[in-house]
**Q** 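Below: one structure in structure tokens.
Every chain is numbered from 1, with letters handed out A, B, ... down the list of sequences.
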Amino acid sequence: MEGNLNLTLKIWRQKNANEAGKFETYQVSGISEDMSFLEMIDVLNNRLIEEGDDPVAFDHDCREGICGMCSMYINGSPHGPNKGVTTCQLHMRSFSNGETITIEPWRAGAFPVIKDLVVNRSSFDRIIAAGGFVSVNTGNAQDANNIPIPKEDADEAFAAAACIGCGACVAACKNASAMLFTSAKVSQLALLPQGQVERAKRAQAMVAQMDEEGFGACTNTGACEAECPKGISIENIARMNREYFSAVFAAK
Amino acid sequence: MSWLTKSLGSSLGKKLLMSLTGLFLISFLLVHCTLNALVFLQDGGETFNKAAEFMATNPVIRTMEIVLFLGLIVHMVDGLRLHFENKSKRPVAYAVINGKNSTWYSRSMGLLGTLLLLFLVMHLSHFWFNARIAGTIPEQMTMFEKMKEVFVSPIPVIVYVIGCGSLAYHLMHGFQSAFQTIGWNHPKYMPTIKCIGNIYAIVVSLVFAAMPIAFHLNLIK
Ligand code: SF4
Ligand code: FES
């Protein structure tokens, strides 16, 4: 896949969690505009390996916008300049020949850098483990219409469940707040009958874990919503706030 | 009670305090702005002075004044605390930031609030401190005359106009943000809330800014 894009890349290189990192500059040439951003990094890495250098470490898995691994802060935006896509879904046609592209890892105290562009996002896992589940017995699969759920609720729950836990919301937020992520996970269960039993407990436990992990407090700038590849709405944050406050003030 | 202190100390609790005190201050500003706009009646400040006199002597208002200061202090202390805590959550800064995903003023509430605080120090020392505490405004001088006197010099006029500009942007974000924080984000009402918030922010700030300018230019008789 030969192309005609010649680019300068400024990439954050950091050996491990403890050592200080710095930007390194690389030139890549003959990049096709049909390549994804990750394929462009693959081209660079192949060359680095051939030259006996350490390839740029970055997270990726599905390469189709599902797994949420491909965290890269590109030219000042999580997942680059396009709306509603992850880095693996970003194509080189979004860049122009001769451009300099700056690539940084997610920056947040709660997402420590492991190596180069790879950050540790297990703080998200611990937020889920604190309450993002149902532990009531749901029994066998039931007849489709046994539990009536209004279409609007199902749609809204589904929209919240589209969150892939990529962390772009945290990366975009000036406060490194995880409220869009946490609120999506609170909402997907709060909207459905199966989630009712542990509703109050869940909101409190997940917010407490979110604070414990060292994420910031939301100031409603809306940057998360604008950068989220799955279009998660900040209406979910308002819902989480309602869930939390009613749990705090009404629970016995 | 420990549940209350614990919950108010959480990230959401601190936000709730910002939101509630903010809404309270917004309601105060509306009263303050309406009463002060009476100077534009061109009656030599007669109606305005009566209103100022009432506000200075009515026991309910005087009690609310204490509540107002408490609200202001909570809003300030909690705001500064949130600002510095939030800052510490990103120990390594980005080299490049593309600011297109949000408005600059929504990201600058701490700065705008600090500008407002500096303005407020001057504002309170001009009027409230002299009238209520130090008693340095002579008996026979009315609030109207005091305003005239303060705005002869251009420096307070400039500071007041900058203060009002900061207020406009602080409120444009703060108004709708307060509703979002208490959970009032509903697809049916949020556009209206945002619209009212913007109108409120701009009108209140313009009316306030018009006072020092009009006094300075001798437009108020
Ligand atoms: S809310 Fe959006 S940006 Fe945040 S983790 Fe989920 S998908 Fe990613
Ligand atoms: S690699 Fe899976 S979302 Fe990008």
Side-chain angles (χ1 to χ4, degrees), chain A residues 10 12 20-21 23 73-78 81 102-105 107-113 170-177 179 203-204 207-208 210-211 214-227 233-249 251, chain B residues 3-20 78-79 81-110 113 173-187 189-190 193-194:
Chain A
K10 276 181 69 187
W12 183 260
F23 282 101
Y73 198 82
I74 303 161
N75 283 348
S77 296
T102 308
I103 312 168
E104 302 173 70
R107 298 284 188 203
F111 285 164
V113 172
V170 176
C173 174
K174 79 179 245 293
N175 311 312
S177 168
M179 289 202 186
Q204 284 179 288
V207 168
M210 178 178 79
D211 289 351
F215 292 104
C218 166
T219 52
N220 304 326
T221 68
C224 53
E225 175 185 66
E227 300 286 7
S233 160
I234 56 169
E235 272 171 41
N236 289 299
I237 300 185
R239 182 181 297 105
M240 174 177 76
N241 296 357
R242 293 199 294 274
E243 294 283 318
Y244 180 80
F245 296 135
S246 48
V248 164
F249 291 108
Chain B
W3 64 270
L4 187 63
T5 44
K6 203 176 118 214
S7 309
L8 287 181
S10 74
S11 57
L12 285 193
K14 284 180 242 171
K15 278 161 54 66
L16 182 68
L17 277 182
M18 285 312 281
S19 158
L20 295 179
D78 195 35
R81 187 169 151 205
L82 273 169
H83 176 80
F84 288 111
E85 280 178 7
N86 279 342
K87 249 188 128 66
S88 73
K89 307 295 183 189
R90 174 163 294 137
V92 183
Y94 286 114
V96 184
I97 294 176
N98 170 3
K100 271 184 257 161
N101 54 24
S102 50
T103 57
W104 70 267
Y105 52 89
S106 74
R107 299 191 301 263
S108 314
M109 292 300 274
H173 179 66
F175 191 99
Q176 53 107 355
S177 177
F179 285 90
Q180 161 80 6
T181 292
I182 50 175
W184 286 15
N185 183 338
H186 188 286
Y189 305 114
M190 203 52 180
I193 291 175
K194 282 189 179 162

**Q** Just to verify, what does B:S177 make a side chain to side chain donor-acceptor pair (under 3.5 Å) with, not counting sequence neighbours?
**A** A:N220
**Q** Which atom pair, heavy atoms only, marks the closest approach of A:A217 to B:N86?
**A** N-OD1, 2.7 Å
**Q** Within the structure provided, determine whether A:T219 and B:M109 are in side-chain contact (heavy-atom separation under 4.5 Å).
**A**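 Heavy-atom side-chain distance check fails, nothing below 4.5 Å.
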**Q** Specify whether A:Y73 and B:Y94 have parallel, tilted or perpendicular ring planes, treating 30° as the upper limit for parallel and 60° as the lower limit for perpendicular.
**A**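 Judged by the thresholds at 30° and 60°, the geometry between A:Y73 and B:Y94 is parallel.
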**Q** Tell me, for A:A208 versus chain B, whether the close heavy atoms (under 4.5 Å) come from the side chain, the backbone, both or neither.
**A** neither
**Q** State, with a plain yes or no, whether a side-chain heavy atom of B:S11 is found less than 4.5 Å away from one of A:F215.
**A** no
**Q** So what's closer than 4.5 Å to chain A heavy atoms on B:L82: side chain, backbone, both or neither?
**A**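 It is the side chain, since no backbone atom gets that close.
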**Q** By a 4.5 Å heavy-atom criterion (distance strictly below it), what part of A:C218 contacts chain B: side chain, backbone, both, or neither?
**A**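 Looking at A:C218, backbone and side chain both touch chain B.
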**Q** Under 4.5 Å from any heavy atom of chain B, what part of A:T102 do you find: side chain, backbone, both or neither?
**A**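 The side chain, not the backbone.
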**Q** Non-hydrogen atoms of chain B under 4.5 Å away: do they reach the side chain of A:P105, the backbone, both or neither?
**A**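 It is the backbone, since no side chain atom gets that close.
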**Q** Name the region of A:R107, side chain, backbone, both or neither, that has any atom closer than 4.5 Å to a heavy atom of chain B.
**A** both
**Q** At a heavy-atom separation under 4.5 Å, does B:E85 approach chain A through its side chain, its backbone, both, or neither?
**A**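 Neither part.
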**Q** So what's closer than 4.5 Å to chain B heavy atoms on A:I74: side chain, backbone, both or neither?
**A** neither
**Q** Look at B:M18, B:R107, B:M190 and state which one has the largest set of heavy-atom pairs under 4.5 Å with chain A.
**A** B:R107
**Q** Any idea which of A:E243, A:M240, A:M179, A:M210 has the most non-hydrogen atom pairs under 4.5 angstrom with chain B?
**A** A:M179
**Q** Could you tell me which non-hydrogen atom of B:N185 sits nearest to which non-hydrogen atom of A:R242, and how far apart they are?
**A**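 Where B:N185 meets A:R242 most closely, the heavy atoms are O-NH1, 4.1 Å.
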**Q** Can you list the residues that meet the salt bridge (charged side-chain N to carboxylate O under 4.0 Å, His left out) rule with B:R90, with sequence neighbours excluded?
**A**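 Partners of B:R90 under the salt bridge (charged side-chain N to carboxylate O under 4.0 Å, His left out) test: none.
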**Q** Can you name the nearest heavy-atom pair linking B:V96 to A:E104, along with the distance?
**A** N-OE2, 3.2 Å
**Q** Give me the atom names and distance for the closest heavy-atom approach of A:F245 to B:L12.
**A**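 Heavy atoms of A:F245 and B:L12 come nearest at CZ-O, 3.5 Å.
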**Q** Just give me the residue among A:C224, A:C173, A:G21, A:S233 that pairs up with chain B most often, heavy atom to heavy atom, under 4.5 Å.
**A** A:C173
**Q** Looking at A:N241 and B:T181, what are the two nearest heavy atoms and their distance?
**A**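 Taking A:N241 first and B:T181 second, the nearest heavy atoms are ND2-O, 2.8 Å.
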**Q** Given that the side chain runs from C-beta out, which part of A:N75 has a heavy atom under 4.5 Å from chain B: side chain, backbone, both or neither?
**A** backbone
**Q** Of all the heavy-atom pairs spanning B:P91 and A:G109, show the shortest one and how long it is.
**A** CD-N, 3.4 Å
